[in-house]
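Below: the structure, in structure tokens.
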Amino acid sequence: MNLPNILLDKLKSANRILFFTGAGISAESGVDTFRGKGGLWNKMKPEELASFDGFMRNPNLVWEWYQYRRKVVRNTTPNPGHRAIAEFEKYFDTIDVITQNVDNLHRRAGSKNILELHGNIERNYCMECGKYYGVEEFLNSEEVPKCPECGGMIRPDVVWFGENLPDGIYETAVQRAQFSDVCFVVGTSAVVYPAAYIPTRAKEAGSFVVEINLEGTDISGSLDLSFQGKSGEILPEILAAVKEIREN
Ligand code: OAD
């Protein structure tokens, strides 16, 4: 693929790169996306599986679903897209990753500055006393466990529909977006707010915003560039160009 000169120029002079990612970056690792072809929300109901009310109505069903997804994530590995993002750190002063994903794959690929807007599936917390637990502690629980400290219900540390993002995280994300010189928007349908405001906030602040997605999205037209294809193929190509222009 021939990368446009304008992108190469921006990457040559940039100091701060931001990657804003969604489920599509993990698709090539075998983690299902939520929307689009094969998307989870085409066959399952988010109000039952990803809302506080759904959890209170049927806690064991929701727990079982998260235990299943944890197994999927544990049995997979980061793909070339995640690894390329981690490797960008060799070539720029600051690389920020802001992800909507809960799958921990950016960390496992080696990225360091990660903001997880929607939590992390590999953590749990007690709804009574707020104590956090790693995923190992209840690995084999088929039903919602009780907190060993206070007996409260344990839930996954993820943001469900209708819930607020973790305190202050959105403000930090917007700041990082506004400071970025180049912002890559990777594998997200950009329809879940407030996360979906991030690319627009970056663009308004003068960042050069580049989308990488299998298909066009609602925001494609308002960004600087839009590449259609697999992030696991396009990101390594951009990284190869970065190596060339930043090492010479
Ligand atoms: P979606 O499932 O809504 O969108 C995934 C996007 O990735 C789609 O636009 C696909 O076209 C694209 N895609 C799929 N495979 C790809 C590939 N190999 N390379 C590049 N792009 C690819 O996922 P998100 O936008 O992350 O929320 O969804 C946002 C939020 O909705 C999630 O964080 C989750 C969900 O409900 C919570 O859990 C709160």
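Note that the coordinates shown come from a computational prediction; the quantities given were computed from them, not determined experimentally. Quick note: numbers below take in every heavy atom, side chains included, and nothing from hydrogens, waters or symmetry partners. Ligands are counted one by one from 1 in listed order, and the atoms in each one are counted from 1 as well.
In terms of protein heavy-atom proximity, atom 21 (N) of ligand 1 is closest to L214 N, 3.3 Å. Nearest non-hydrogen protein atom to atom 19 (N) of ligand 1 is S231 N, 2.9 Å. The protein atom (non-hydrogen) at minimum distance from atom 28 (O) of ligand 1 is R35 NH1, 3.2 Å. Residue, atom and distance of the protein heavy atom nearest to atom 32 (C) of ligand 1 are F34 CE1, 3.6 Å. The protein non-hydrogen atom at the shortest distance from atom 36 (O) of ligand 1 is W41 NE1, 3.0 Å. The protein heavy atom nearest to atom 4 (O) of ligand 1 is S189 N, 3.4 Å.
Aromatic ring centres of F52 and F161: separated by at least 6.0 Å. Ring pair F138/Y133: centre-to-centre distance below 6.0 Å. Under the 6.0 Å cut-off for aromatic ring centres, W41 and F34 qualify, their centroids lying closer than that.
Contacts with ligand 1 closer than 4.0 Å are made by side-chain heavy atoms of A27 only, the backbone lying farther away. Here E28 has side-chain heavy atoms under 4.0 Å from ligand 1, and that is the only part of it that gets that close. Only side-chain heavy atoms of H118 come within less than 4.0 Å of ligand 1; its backbone N, CA, C and O stay farther off.
Looking at K243 and E87, a side-chain N of the basic residue comes within less than 4.0 Å of a carboxylate O on the acidic one, giving a salt bridge. Under a 4.0 Å N-O distance rule, the pair E163/R155 qualifies as a salt bridge. Salt-bridge formation is detected for the pair D224/K203: a Lys NZ or Arg NE/NH1/NH2 atom is positioned less than 4.0 Å from an Asp or Glu carboxylate oxygen.
With G24, A50, S51 as candidates, the residue nearest to atom 13 (N) of ligand 1 on a non-hydrogen basis is G24. Atom 12 (C) of ligand 1 has its nearest heavy-atom neighbour, among N213, T33, V159, in N213.
Within ligand 1, the atoms closer than 4.0 Å to a non-hydrogen atom of F161 are 36 (O), numbered from 1 in the order shown. Numbered from 1 in the order shown, with element, the atoms of ligand 1 that lie under 4.0 Å from a heavy atom of E215 read 11 (O). Taking a cut-off of under 4.0 Å to the non-hydrogen atoms of G22, the atoms of ligand 1 that pass are 26 (O). Listed by number with element, the atoms of ligand 1 under 4.0 angstrom from any heavy atom of Q100 are 29 (C), 33 (O). Ligand-side atoms of ligand 1 in range of G187: 5 (C), 6 (C), 7 (O), 21 (N), range being under 4.0 angstrom from any heavy atom.
The minimum heavy-atom distance between T188 and T217, with the atom names listed, is O-CG2, 3.7 Å. For the residue pair S231 and E28, the shortest heavy atom distance occurs at N-OE2, 3.5 Å. Between P80 and G232, the shortest heavy-atom distance links the atoms CB-O, 3.5 Å. Among all heavy-atom pairs drawn from R246 and L11, the shortest one is NH1-O, 2.9 Å.
Relative to the ring axis of W65, R70 does not place its NZ or CZ within 45° and under 6.0 Å from the centre. The cationic group of R176 does not satisfy the cation-pi geometry with F179, failing either the under 6.0 Å distance to the six-membered ring centre or the 45° limit from the ring axis.
An N or O contact shorter than 3.5 Å is missing between V192 and ligand 1 by distance. In terms of polar-atom proximity, T188 is counted as a contact of ligand 1, with an N or O under 3.5 Å from an N or O of the ligand. Considering backbone and side-chain atoms alike, A23 places an N or O below 3.5 Å from some N or O of ligand 1.
Residue contact check for ligand 1: W160 places no non-hydrogen atom closer than 4.0 Å to it. Using 4.0 Å as the threshold, G229 has a heavy atom nearer than that to some atom of ligand 1.
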After noting the C-alpha distance and the side-chain angles of D181 and F208, does the key distance pass the side chain to side chain contact (heavy atoms under 4.5 Å, CB included) rule?
CA-CA 6 Å; D181 300 314; F208 188 76; over 6 Å; no
